[in-house]
Amino acid sequence: MNILLTGGAGYIGSHTAVELAKAGYNVIIADNFCNSSPKVIKRLEEITGKSFALYNIDVADKNALRRVFKENQIDAAIHFAGYKSVGESVKVPLCYYRNNIDTTLSLLEVMEEFGCRKLVFSSSATVYGTKAPVPYKEDMETGNCANPYGWTKLFIERIITDYSAANSDFSAVILRYFNPVGAHESGLIGEDPRDIPNNLMPYISKVAVGELEKLSIFGSDYPTKDGTGVRDYIHVTDLAKGHVCALEYAEKHAGTEVFNLGTGKGISVLEMLRAYEKACGNKIPHEFVPRREGDLAEYYADSSKAERVLGWKTELSVEDMCRDAWNWQKNNPKGYEE
Ligand code: NAD
Ligand code: UD1
């Protein structure tokens, strides 16, 4: 089967490409490299021993996308392409609405033209907004998103759900990711942020490798186990495997189904820091600073639906996440640029 990965050169897309290739799928990647490197393709081939068709296109460009569908019999698409920086989305909201929604509309329209009826979409726990009680469950109310990025995810979920309701042969799986971290065990692919990272794990990695001076821990007075923020960190390889299960599900069921992909366990900033220190064998300089605006104290997934319906659950531990993040960081201190 031929699977199109929009944004397949990115962090989660590249790890998913590996798991799909391992499961016997033929992977076609469409990416404009606005937040990734073409060098990832060689690494994918090195890991899997397989080849990957690559289209350097803007996924919002329908003519370019038509060429991909004309040249390949695409059986299903996984839609990763989009902008993902929360802070940036607050500064340039129109860019976020334009790119994230346009790519989705173009993809759905071209899929329709070519009779492609299966879609998996990368959504986020951010759609549960700022008022939901933990653990988050798929049938909880969504909305109250804290930023434009979150709203793009919610709007896209709506678009996909409406489209699928109007087309009874269409199958959509919406995956709400919690906090993806870590890297492939080979150390050949991983997260490669272009600027100073906003997220915890890549920030710790840059401090561990000596590129940044110290970690600022945002808040030490949250009502959590040790006062620092608690999240549901999930190894990117476990997350990638979730996409293989989602595709298998989409092959057999029409309609839209939503799944949380998380471990179901909350880990604090301090717990993550300690685990990373163990993995890299060094102390990681840090200081406590005031809370970051817009942050929640604690959230994690109820992932029992994915386990029950998809037969998927996470297998890798926080130690595995830190070991693999460090392995990637130390072997590639400048990401894909070396
Ligand atoms: P990423 O930035 O590494 O990957 C996205 C890829 O899409 C990049 O390779 C980028 O070049 C490409 N892209 C963006 N706009 C494009 C366009 N118009 N045409 C073609 N390619 C385009 O991000 P990621 O972490 O791999 O995330 C993948 C998806 O998962 C995104 O939709 C993101 O919002 C979602 N998500 C990510 C996280 C996370 O923490 N990483 C959490 C929840 C959801
Ligand atoms: C952030 C986004 C969220 C997005 C997710 C993707 C915000 C407000 N939220 O979530 O919408 O879906 O990334 O993974 O940006 N922390 C520090 N110091 C740092 C960085 C983070 O202490 O330098 C803390 C945070 O306060 C938080 C935890 O680490 O408690 C995780 O932060 P982060 O990795 O940014 O993820 P989220 O805030 O969960």
Side-chain angles (χ1 to χ4, degrees), residues 5-16 29-38 40 55-61 64-65 78-90 95-96 98-100 102-104 106-107 121-130 145-147 149-150 152-153 156 175-181 190-194 196-204 206-207 212 214-220 222 224 228-234 236 239-240 243 261 266-270 272-273 286-300:
L5 306 193
T6 73
Y11 173 46
I12 301 167
S14 57
H15 289 80
T16 303
I29 291 175
D31 203 302
N32 64 0
F33 304 109
C34 64
N35 197 39
S36 53
S37 165
V40 79
Y55 289 82
N56 181 348
I57 61 162
D58 183 336
V59 172
D61 177 349
L65 208 47
I78 308 185
H79 183 35
F80 298 101
Y83 295 150
K84 64 161 182 178
S85 162
V86 168
E88 191 179 58
S89 81
V90 176
C95 291
Y96 272 67
R98 172 65 74 190
N99 192 46
N100 292 4
D102 264 9
T103 50
T104 308
S106 294
L107 178 64
F121 173 60
S122 301
S123 191
S124 164
T126 193
V127 300
Y128 292 108
T130 52
C145 297
N147 48 66
Y149 166 74
T152 68
K153 292 293 172 194
I156 294 168
L175 300 176
R176 293 180 180 155
Y177 309 155
F178 281 67
N179 289 50
V181 296
E191 191 168 13
D192 182 18
R194 295 218 156 151
I196 295 176
N198 295 310
N199 297 118
L200 179 66
M201 199 66 157
Y203 203 103
I204 294 181
K206 299 268 179 214
V207 177
L212 294 171
K214 61 181 164 204
L215 171 74
S216 297
I217 298 181
F218 301 139
S220 54
Y222 283 112
T224 56
T228 64
V230 167
R231 295 291 182 273
D232 186 339
Y233 298 95
I234 171 173
V236 66
L239 185 71
H243 295 72
L261 295 185
I267 300 292
S268 75
V269 175
L270 278 175
M272 190 52 104
L273 182 72
H286 59 275
E287 64 176 346
F288 292 97
V289 301
R291 294 177 180 190
R292 177 172 68 178
E293 204 187 320
D295 269 356
L296 297 174
E298 171 168 45
Y299 65 82
Y300 48 91

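Only this structure's heavy atoms are used, side chains among them; waters, hydrogens and symmetry mates stay out. Read the numbers this way: they start at 1 and go in the same order the structure lists the ligands and their atoms. Quick caveat: nothing in here was measured; it's all calculated off a predicted structure.
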**Q** Tyr149: what forms a side-chain hydrogen bond (donor to acceptor under 3.5 Å, both in side chains) with it, not counting sequence neighbours?
**A**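 Expected list: none.
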**Q** Before you tell me yes or no, could you show the steps for Ser216 and His286 under side chain to side chain donor-acceptor pair (under 3.5 Å), namely the whole-Å CA-CA distance, both residues' side-chain angles and the distance that decides it to 0.1 Å?
**A** CA-CA 6 Å; Ser216 297; His286 59 275; over 6 Å; no
**Q** Would you say the ring centroid of His243 lies under 6.0 angstrom from that of Phe80?
**A**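 Yes; Phe80 has its ring centre under 6.0 Å from that of His243.
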**Q** Quick one: does Asn179 get an N or O within less than 3.5 Å of an N or O on ligand 2?
**A**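 It does: an N or O of Asn179 is found under 3.5 Å from an N or O of ligand 2.
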**Q** Distance under 4.0 Å to a non-hydrogen atom of Thr126: what atoms of ligand 2 satisfy this?
**A** 11 (O)
**Q** Any side-chain heavy atom of Leu212 sitting closer than 4.5 Å to one from Pro197?
**A**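 Yes, side chains in contact.
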**Q** Taking all heavy atoms of Lys84 and all of Glu191, pick out the closest pair and write down the distance.
**A**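 Smallest interatomic distance, heavy atoms only, reads NZ-OE2, 3.7 Å.
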**Q** For ligand 2, which atoms sit closer than 4.0 Å to a heavy atom of Tyr233?
**A**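 Listed by number with element: 28 (C), 29 (O), 31 (C).
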**Q** Could you go through the side chain to side chain contact (heavy atoms under 4.5 Å, CB included) check for Ser124 and Phe178 one step at a time?
**A** CA-CA 6 Å; Ser124 164; Phe178 281 67; over 6 Å; no
**Q** Side-chain contact, heavy-atom cut-off 4.5 Å: Ser36 with Asp31?
**A**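 They are in contact (side-chain heavy atoms under 4.5 Å apart), so the answer is yes.
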**Q** Which atoms of ligand 2 sit under 4.0 Å from any heavy atom of Asp295?
**A**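 Numbered from 1, ligand 2 contributes 8 (C), 25 (C), 26 (O), 38 (O).
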**Q** Do me a favour and list the nearest non-hydrogen protein atom to atom 24 (C) of ligand 2 with residue, atom name and distance?
**A** Val269 CG2, 3.6 Å
**Q** Can you check salt bridge (charged side-chain N to carboxylate O under 4.0 Å, His left out) on Arg291 and Asp295, steps first, answer last?
**A** CA-CA 7 Å; Arg291 294 177 180 190; Asp295 269 356; over 6 Å; no
**Q** Run down the list Arg231, Arg292, Met272 and name the one with the heavy atom closest to atom 32 (O) of ligand 2.
**A** Arg292
**Q** May I ask you to identify the nearest protein heavy atom to atom 19 (C) of ligand 2, giving residue, atom name and distance to one decimal place in Å?
**A**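 Checked against all protein heavy atoms, atom 19 (C) of ligand 2 sits closest to Phe218 CE1, 3.2 Å.
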**Q** Can you name the closest pair of heavy atoms from Asn100 and Thr103 and give their distance?
**A**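 Smallest heavy-atom distance, with atoms named: O-OG1, 3.0 Å.
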**Q** Tell me the protein heavy atom at minimum distance from atom 6 (C) of ligand 2, and give that distance in Å.
**A**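 Checked against all protein heavy atoms, atom 6 (C) of ligand 2 sits closest to Asn199 ND2, 4.3 Å.
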**Q** Any chance CD of Glu293 has more than 12 other-residue heavy atoms, nucleotides or ligands included, within less than 6.0 Å?
**A** no
**Q** Checking side chain to side chain contact (heavy atoms under 4.5 Å, CB included) between Pro202 and each of Ile204, Leu200, Asn199, which is the one that passes?
**A**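 With Pro202 as partner, Ile204, Leu200, Asn199 yield a single side chain to side chain contact (heavy atoms under 4.5 Å, CB included), made by Asn199.
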**Q** Tyr222 near ligand 2, heavy-atom distance under 4.0 Å?
**A**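 No.
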**Q** Under 4.5 Å between any side-chain heavy atoms of Asn56 and Asn32, yes or no?
**A** yes
**Q** What protein heavy atom lies closest to atom 9 (N) of ligand 2? Include the residue and the distance to one decimal.
**A**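 The answer is Val86 CG2, 4.0 Å.
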**Q** Indicate yes or no: at least one non-hydrogen side-chain atom of Ser268 is less than 4.5 angstrom from one of Thr224.
**A**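 No, their side chains stay 4.5 Å or more apart.
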**Q** Mind checking whether Leu200 has an N or O less than 3.5 Å away from an N or O of ligand 2?
**A**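 Leu200 vs ligand 2: N/O contact under 3.5 Å present.
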**Q** As an exercise, identify every atom of ligand 2 less than 4.0 angstrom from a heavy atom of Ser216.
**A** 17 (C), 18 (N), 19 (C), 22 (O), 23 (O)
**Q** Regarding Arg231 and the six-membered ring of Tyr300, is the cationic atom NZ or CZ under 6.0 Å from the ring centre and inside 45° of its axis?
**A** no
**Q** Hey, is Tyr177 touching ligand 2 through its side chain, its backbone, both or neither, going by heavy atoms under 4.0 Å?
**A**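 Tyr177 to ligand 2: no contact under 4.0 Å from either part.
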**Q** Taking both backbone and side-chain atoms of Tyr149, is any N or O found less than 3.5 Å from an N or O belonging to ligand 2?
**A** no
**Q** Please check whether Ser124 reaches ligand 2 - meaning an N/O of the residue sits under 3.5 Å from an N/O of the ligand, judged on distance alone.
**A**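 In this structure, Ser124 places an N or O atom under 3.5 Å from an N or O of ligand 2.
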**Q** Which of the numbered atoms in ligand 2 are under 4.0 angstrom from any heavy atom belonging to Gly229?
**A** 30 (O)
**Q** Check ligand 2 against Asn198 and write out every atom of the ligand that is under 4.0 Å from a heavy-atom position of the residue.
**A**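 Numbered from 1, ligand 2 contributes 20 (C), 35 (O).
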**Q** Based purely on interatomic distance, does Ile217 place a nitrogen or oxygen under 3.5 Å from a nitrogen or oxygen of ligand 2?
**A** no
**Q** Tell me: protein heavy atom nearest atom 10 (O) of ligand 2, and distance?
**A** Tyr299 OH, 3.9 Å
**Q** Would you say the side chains of Asp192 and Ser37 form a donor-acceptor pair under 3.5 Å?
**A**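 No.
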**Q** At less than 4.0 angstrom from any atom of ligand 1, which residues have a non-hydrogen atom? List them by chain and residue number.
**A** Gly7, Ala9, Gly10, Tyr11, Ile12, Asp31, Asn32, Phe33, Cys34, Asn35, Ser36, Ile57, Asp58, Val59, Phe80, Ala81, Gly82, Lys84, Asn99, Thr103, Ser122, Ser123, Ser124, Tyr149, Lys153, Tyr177, Pro180
